[in-house]
Amino acid sequence: MLHIYCPHCDEYREEEEFRPKGEAHIARPADPENTSDEDWGNYLFFRKNPRGLHHEQWFHSAGCRKFFNVTRDTVSYEILETYKPGQQPTVTAESRQAQASAQASNQGAAK
Amino acid sequence: MSEIATFNAHPTVAVRAESPLAFSRVTVATLASAQGAGVCIRERALLGHLILRGKADDAGFRAGVESALGVSLPLKMGPVSRDDGRGVSVQWMSPDEWLIVVPAGEDLATEQRLRAALSGHYAVMQVSGAQTLLELSGPNALEVLKKSAGYDFHPRNFPVGKGISTTLAKSTAVIRRTGDTQWELIIRRSFADYLFRWLLDASEEYGVFVAR
C-alpha cells in the first residue's frame, strides 16, 4: 500500500482513500474556435505514459474529496512530492537529471 | 436574510420517524447490559446534520458562522469544535466544507440562523436524513476500529477531540474520538445497515451491548 500525503488534509493517508485521476497539468486550448482538429484531439484524448517520472492528478475520495497533484515514479512507484492544484512541481525530469549529474560529478571529484 | 426557500424536514403531524437502522436485524449474540461488555454501540438517531460550504479565508464568513453556531469554525483537518452542553459540533471536512451536527429538530432553526448571518458565496444543506450517528464505546472499541479501517488510531496520531473522514469496512465514515474509549461514527444512510452489522460482527468476540 502506498502512503500518500494529502496537501489539503495535511496528513499521510492510506492509498485506499484515494483514486488516481490521470495526467496532471493538461491545459485546455485558450482559443478552441481556432484550434486545429489535431491539436483538439491531442488535448482530449492523448495522454503521456512515461516510464519514470510522471505528474498525475489524484483524488482524496474518502477524505476531503479534493483533487491534488502527485509526482510519481512509474517504475519504482515512489511518490516524490504532492502539491495542490494550481501549483507547479518542484521535482521534474530536468531537476532530477541535474541532481543525478551533480552527484556523478561529485563522485568523480572525490576520486 | 437571503431569498433562499427553506423547509422544515420534520413533519408537524403525527408521523412515525424511523432511523436508518430501524430495519436492522441483530443476528449476533448481544449482551443484556453494558456490564462487562467490551464494546457498547448506541445510535444517536435523527440528529440534525448540516453541510456548510464557504470560503475559509473570508473573515466575514468565519465570523457569521461563529455567531450563528456559538462555536469556533475549525480551519484545518483534525480538531472538532464542539459545545457538548448544547449538543453542537462542527467538523472540518475539506478546505471549504464543514459538517455541523445539532440536536434533533434543531436543523431548520440552525440553517435559518446561518442564512441570516451569512451573505455572498456560501451554501447550507440539510443532510439529516442522509446519515446517522453511532456512538462506539468500551475497552475494546479501539480494537474494533483497528480491524475495520486502515487509519492509524494510536493516541499519538488520533488524540481525543480529533475527527476525520476515512474508509471503514470498504465503506466510508466520519470518525471522531470523544474520549479515551469513546468514539463517534457518522455513517451514510445507505450503508447504515451494512456497517451496523459489520460492527456487531467485529465486536462479537469482545462481548457487545447494543443500547436501545
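Being a predicted model, the structure only gives us computed values, none of them experimental. Because only heavy atoms are used, hydrogens play no part in the values below, and waters and symmetry mates are left out as well, while side chains stay in. To find a chain, count down the sequence lines: A is the first, B the second, and so on, and within it residues start at 1.
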Max heavy-atom pair count under 4.5 Å with chain A, selected residue of B:T167, B:N157, B:D152: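 Heavy-atom pair counts peak at B:T167.
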
Part of B:T172 lying under 4.5 Å from any heavy atom of chain A: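 Just the side chain, heavy atoms under 4.5 Å.
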
Hey, do the aromatic rings of [X] and [Y] have their centres closer than 6.0 Å?
| X | Y | answer |
| --- | --- | --- |
| B:F158 | B:W183 | yes |
| B:Y122 | B:F61 | no |
| A:F68 | A:F18 | yes |

Residues B:R197, B:D193: salt bridge by 4.0 Å N-O rule: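 Yes, this pair counts.
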
Part of A:E16 within contact of chain B (heavy atom distance under 4.5 Å):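 Contact with chain B is through both the backbone and side chain of A:E16.
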
